[in-house]
Asker: 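Structure in structure tokens, see below.
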Amino acid sequence: MRRGEIITAGILAVMSIYMMWKSTELDIFYIKGEGPGGGAWPFWLSGIMLICTVIIAVNAVRRVSPPSQSDEPVLDAEGRKMILQVFGGIFVFVALVGIVSMYGAMLLFLFYYLWFLGRHSLKLSLAISILTPTAFFFFFEALMRVTLPKGMSFTEPFFNWLNTIIY
Amino acid sequence: MEILAHLSEGFVEALWPINLALITIGVTLGLFIGMMPGLGSVNGVAILLPITFLVPPTSAIIFLAAIYYGAMYGGAISSITLGIPGASTAVATTFDGRPLAMKGRASLALVTAAIASFVGGTVSIILFTMFAPPLASVALSFGSPEIFALMLLAFATFVGLGGDDIPKTVLSICLGLVFAAVGFDEISGEPRLVFFNISGFLHGINFLVLAIGVYGIGEMLWTIDTTRGKITSTEAKMSISGVIADARECVSKAWKGMSIGSLLGFFVGILPAAGATPGSLMAYGVSKLTSRDPDSYGKGNPDGVAAPESANNSASTGSMLPMLTLGIPGSPTTAILLGGMVIWGLTPGPRLFSDQPEFVWSLIGSFYVSNFFALVINLSFIPLFIWMLRMPFTILAPMIFVLSIVGGYAATNDMHDVWLMLGFGLSAFFLRKFDYPLAPAVLAIVLGPIAEPTLRQSLLLSSGDPMIFLNRPIAGPITVIAVILILLPAFKLIYDKFRGAGVKSA
């Protein structure tokens, strides 16, 4: 955990420096007659962040903070596997939105999670995976008039058919 | 007395069968819209505004007020049951509502949220009735320095009170504030902090993207990692006697949070440009500040649910005050209501109270009736919400993920934000491992768009002299309190060192 905490502080420090550098694209000082420049607020706040990361890293090196006193790994093998399976699933879900639409990706993700990770019966997994996107479709598209991504053109006939139910 | 007569006329108006039916439909719709992350009262009111042109103006505004109140209640439900704030006004409810649900006390959290909202609504109506005209002038005297001082106070309550690591809390606040600055510089109109020149950053980072990332994705990954996915959600139970017992417990344990939230929420609500979100966050901070047991906050203290919930309802009524008396909307929802009023031929502004008293007091009366109905409808839906929590975790978890993704998209209609949300979720999971408090970052991204312009305007007013925050009669005391709160941890450290040295030398 100690090494992890120092690395995290390091990443945040790099991020702070990047944000400070990015802020300098606008003025970071007081401009007479105009007030503080547009970059001032994020620049100085990122500066405070940088100072905080140094203190956090020093505390971790000196083993003052609770995580740096722990010898547990940040993620053990089982935890790593679970996070990979779950986060990987969500990642693929989002990646599929542009191809098979938000509703199609939702259906596939729910089925993956319920059937493969949750070990639920095929009947229940299929029922929830189909009913949920259907309910979402009618709530968002018909009731709230919010359009969610429809994916590539091959999904069009299907959504056209669903739209005939709404309109 | 004249006001009371108008108000009672308002009640009678709101209790007409057609209006009662509109209230019931509005509250129920609002409840479900508010529950859905990414959709809030503003969506509901905006979408249903055209429908209201079919009925008389008073019925229309009653319907919209009912949706507004319903959504205020609904936001808390997803905060408590799913851990995802349904709206920015319910962000603070997540801090203690979710831990209570995880302990199997979801029913207590939901009942507390419902009762606190009702109390907040009631207190604010009374305050509104008594002080509307004089308060409007007080609100007008709040300029940029005063509002920035208030924002500083909100951040200070988080720094000064944390049992958490102070550098990590400060880092978290700064991170949220910098994220809030992404997009366009409001004053010069130039693009700012467009990371890696990705165009998706041009529209800024919506607070919901961070909030859902942290509380939806990050929190779920954390739960899956710590429990190895072997939990059957929470052991939430539900019975009528249980609700009565919870209501009693709520009144006895959370009365302080409710009182603070109701009063503070109202006063923050009446400030132009402030509204219910800062009100609820500040109420949470002040409730924690004045608590005898501040360490229990964030771990499931009913006061931590009561304070923000009473505050956001109280602030909703409060934000009507600048809208009706000055024509300045305090929140996006009131801005749409204002638009509606203009379409109905009413002119909001100082003369509305004298020219159209029937309309104003019918509106206030309908707020109160809506508030009561929202309580009843909300309480009757609690079994459904509890049932949701009792679903096996392997069903609930993917549902929360799906809601998070859809909510993240619906907030801005941009897939870039969904990817960003995934990044925030994974980062939040790891940051939590190293004890970084993330609530302050969410607080900061919500308040950042108010804090930065007010700071810049104030410094422009004073030609760069920061004393403007100290030498004004209202801003001065607020700034001093905020600075003391920020320095409190340093004082504590020095005090502890001296005491330690004293003990050693003895």
Side-chain angles (χ1 to χ4, degrees), chain A residues 1 4-5 8 12 18-19 22-23 25-26 30 32 34-42 45-46 48-49 52-53 55-56 59 65-67 74-75 78-79 82-83 86-87 89-91 93-94 97-98 102 106 109-110 113-114 117-120 128 132 136 139-140 144-149, chain B residues 32-33 36 38-39 43-44 47 165 167-168 170-171 174-175 177-178 181-182 185 187-188 190-195 217 220-221 224-225 228-229 392-395 397-399 401-402 405-406 409-410 413 415 418-419 422 425-426 429-431 433-436 452 455-457 459-460 463-464:
Chain A
M1 286 289 256
E5 194 175 17
T8 312
L12 288 168
Y18 175 72
M19 293 196 295
K22 204 70 189 153
S23 304
E25 288 175 358
L26 300 178
Y30 192 87
K32 224 173 172 190
E34 284 181 35
W41 172 261
L45 286 169
S46 306
I48 299 173
M49 273 178 67
C52 290
T53 56
I55 302 172
I56 293 164
N59 282 345
S65 66
V74 179
L75 264 180
E78 201 192 338
M82 291 195 81
I83 296 300
V86 173
F87 192 76
I90 305 171
F91 191 89
F93 168 16
V94 177
V97 168
M102 180 67 91
M106 196 187 289
F109 171 74
L110 284 172
Y113 204 110
L114 294 166
L117 296 182
R119 309 248 176 250
H120 290 285
I128 296 178
T132 311
F136 267 84
F139 182 79
F140 275 90
M144 301 306 300
R145 306 276 179 212
V146 173
T147 321
L148 298 183
Chain B
F32 285 94
I33 293 170
M36 199 60 87
L39 298 177
N43 303 70
I47 294 159
D165 198 328
K168 286 177 182 166
V170 175
L171 186 137
C174 292
L175 191 68
L177 288 174
V178 175
V182 171
D185 171 24
I187 294 180
S188 68
E190 287 176 87
R192 178 169 66 171
L193 292 174
V194 181
F195 300 131
I217 313 266
M220 288 307 290
L221 291 177
I224 288 166
D225 179 46
R228 300 295 176 210
F393 187 71
T394 43
I395 295 181
M399 292 287 190
F401 286 130
V402 164
I405 303 289
V406 174
Y409 179 82
N413 289 329
M415 279 310 285
V418 178
W419 287 111
L422 284 195
L426 196 64
F429 167 68
F430 283 108
L431 287 175
K433 287 246 163 200
F434 301 113
D435 282 351
Y436 282 82
E452 191 202 348
L455 172 74
R456 289 172 72 181
Q457 282 157 6
L459 289 176
L460 185 60
S463 309

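In the text below, chain A, chain B and the rest are named by the order of the sequence lines, each starting its count at 1. These numbers come from a predicted model, not from an experiment. What's counted below: heavy atoms across the whole structure, side chains too, no hydrogens, waters or symmetry copies.
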Asker: With chain A, which of B/S188, B/G464, B/A181 has the greatest number of heavy-atom pairs at distances under 4.5 Å?
Answerer: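 It is B/G464.
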Asker: Find the one option among A/I56, A/I48, A/I55 whose heavy-atom pairs under 4.5 Å with chain B are most numerous.
Answerer: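 Of the candidates given, the most pairs with chain B belong to A/I56.
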Asker: With the side chain counted from C-beta on, respond yes when A/F93 and B/I405 share a heavy-atom pair under 4.5 Å apart, and no when they do not.
Answerer: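 Answer yes - side chains close enough.
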Asker: Under 4.5 Å from any heavy atom of chain B, what part of A/T132 do you find: side chain, backbone, both or neither?
Answerer: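 Looking at A/T132, just its side chain touches chain B.
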Asker: Measuring heavy-atom distances to chain B, does A/Y18 have an atom under 4.5 Å in its side chain, in its backbone, in both, or in neither?
Answerer: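 Side chain only.
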Asker: If we define contacts as heavy-atom pairs under 4.5 Å, which of A/V97, A/V74, A/N59, A/L117 has the most with chain B?
Answerer: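 With the most close heavy-atom pairs to chain B, the winner is A/V74.
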Asker: Indicate the atoms forming the closest heavy-atom contact of A/G79 with B/D225, along with that distance.
Answerer: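 For A/G79 and B/D225, the tightest heavy-atom pair comes out as CA-OD1, 3.6 Å.
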Asker: Could you check which of B/N413, B/D185, B/L431, B/V402 has the highest count of heavy-atom pairs closer than 4.5 Å to chain A?
Answerer: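 Top count of heavy-atom pairs under 4.5 Å with chain A: B/V402.
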Asker: Does any backbone or side-chain atom of B/I187 lie under 4.5 Å from a heavy atom of chain A? Answer side chain, backbone, both or neither.
Answerer: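 The answer is neither part of B/I187.
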Asker: Could you tell me which portion of A/T53 (side chain, backbone, both or neither) has an atom closer than 4.5 angstrom to a non-hydrogen atom of chain B?
Answerer: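 Contact with chain B is through both the backbone and side chain of A/T53.
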Asker: Could you tell me whether the side chain of B/V406 reaches within less than 4.5 Å of the side chain of A/M106, counting heavy atoms only?
Answerer: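 Yes, close enough: below the 4.5 Å cut-off.
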Asker: Return the set of residues passing ring pair (Phe, Tyr, Trp, His ring centres under 6.0 Å) with B/Y409 (not counting sequence neighbours), or none when no residue passes.
Answerer: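 Counting only residues at least two positions away or on another chain, B/Y409 forms no ring pair (Phe, Tyr, Trp, His ring centres under 6.0 Å).
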Asker: For the residue pair A/Y113 and B/F401, categorise the inter-ring angle as parallel (less than 30°), tilted (30 to 60°) or perpendicular (more than 60°).
Answerer: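 The arrangement is tilted - the two ring planes meet at 30° to 60°.
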Asker: Considering non-hydrogen atoms only, spot the tightest contact between A/M1 and B/K433 and give its length.
Answerer: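 Scanning both residues, the minimum pair turns out to be CE-O, 3.4 Å.
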Asker: Does the side chain of A/M49 come within less than 4.5 Å of B/L175's, by heavy atoms?
Answerer: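 Result yes, sub-4.5 Å side-chain heavy-atom pair found.
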Asker: Kindly indicate whether the side chain of B/I395, heavy atoms from C-beta on, has any atom under 4.5 Å from the side chain of A/I128.
Answerer: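 Yes, side chains in contact.
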Asker: Could you check which of A/C52, A/A40, A/G35, A/G39 has the highest count of heavy-atom pairs closer than 4.5 Å to chain B?
Answerer: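 Going by pairs under 4.5 Å, I would pick A/C52.
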Asker: Could you look at B/L455 and say if it's the side chain, the backbone, both or neither that has a heavy atom under 4.5 Å from chain A?
Answerer: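 The side chain, not the backbone.
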Asker: Could you pull out the closest heavy-atom pair between A/I83 and B/L221, with the gap in Å?
Answerer: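 Distance-wise, the nearest heavy atoms are CD1-O, 3.6 Å.
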Asker: Does the side chain of A/L114 come within less than 4.5 Å of B/T394's, by heavy atoms?
Answerer: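 They are not in contact (no side-chain heavy atoms under 4.5 Å apart), so the answer is no.
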Asker: As an exercise: rank B/L171, B/I217, B/V170 by heavy-atom pairs under 4.5 Å with chain A and give me the winner.
Answerer: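 So the answer, after comparing B/L171, B/I217, B/V170, is B/L171.
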Asker: Which region of A/M102, side chain (C-beta onward) or backbone (N, CA, C, O), has a non-hydrogen atom less than 4.5 Å from a non-hydrogen atom of chain B, or is it both or neither?
Answerer: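 Just its side chain gets close to chain B.
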Asker: So for A/L148, is it side chain, backbone, both, or neither that comes closer than 4.5 Å to the heavy atoms of chain B?
Answerer: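 For A/L148, the contact with chain B is made by backbone and side chain together.
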Asker: Do you know which of B/Y436, B/F429, B/F434 has the most heavy-atom pairs with chain A at a distance under 4.5 angstrom?
Answerer: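 Top option by heavy-atom pairs under 4.5 Å: B/F434.
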Asker: Kindly write out the residues that satisfy ring pair (Phe, Tyr, Trp, His ring centres under 6.0 Å) with B/F32, not counting sequence neighbours, or none if the list is empty.
Answerer: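 For B/F32, the residues satisfying ring pair (Phe, Tyr, Trp, His ring centres under 6.0 Å) (neighbours in sequence not counted) are B/F381.
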Asker: Do the side chain of B/R192 and the main chain of A/G38 share a donor and acceptor less than 3.5 angstrom apart?
Answerer: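 Present.
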Asker: Show your reasoning for whether side chain to side chain contact (heavy atoms under 4.5 Å, CB included) applies to A/S65 and B/D165.
Answerer: CA-CA 8 Å; A/S65 66; B/D165 198 328; 4.3 Å; yes
Asker: Which pair of non-hydrogen atoms, one from B/I224 and one from A/M82, has the smallest distance, and what is that distance?
Answerer: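 Between these two residues, the closest heavy atoms are CG2-CE, 3.8 Å.
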Asker: Which heavy atom in B/L422 sits nearest to a heavy atom in A/F91, and how many Å separate them?
Answerer: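 Scanning both residues completely, I find the closest heavy atoms to be CD1-CA, 4.1 Å.
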Asker: Decide if atom CZ of B/F195 counts as having more than 12 heavy atoms of other residues, nucleotides or ligands within a radius under 6.0 Å.
Answerer: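 Yes.
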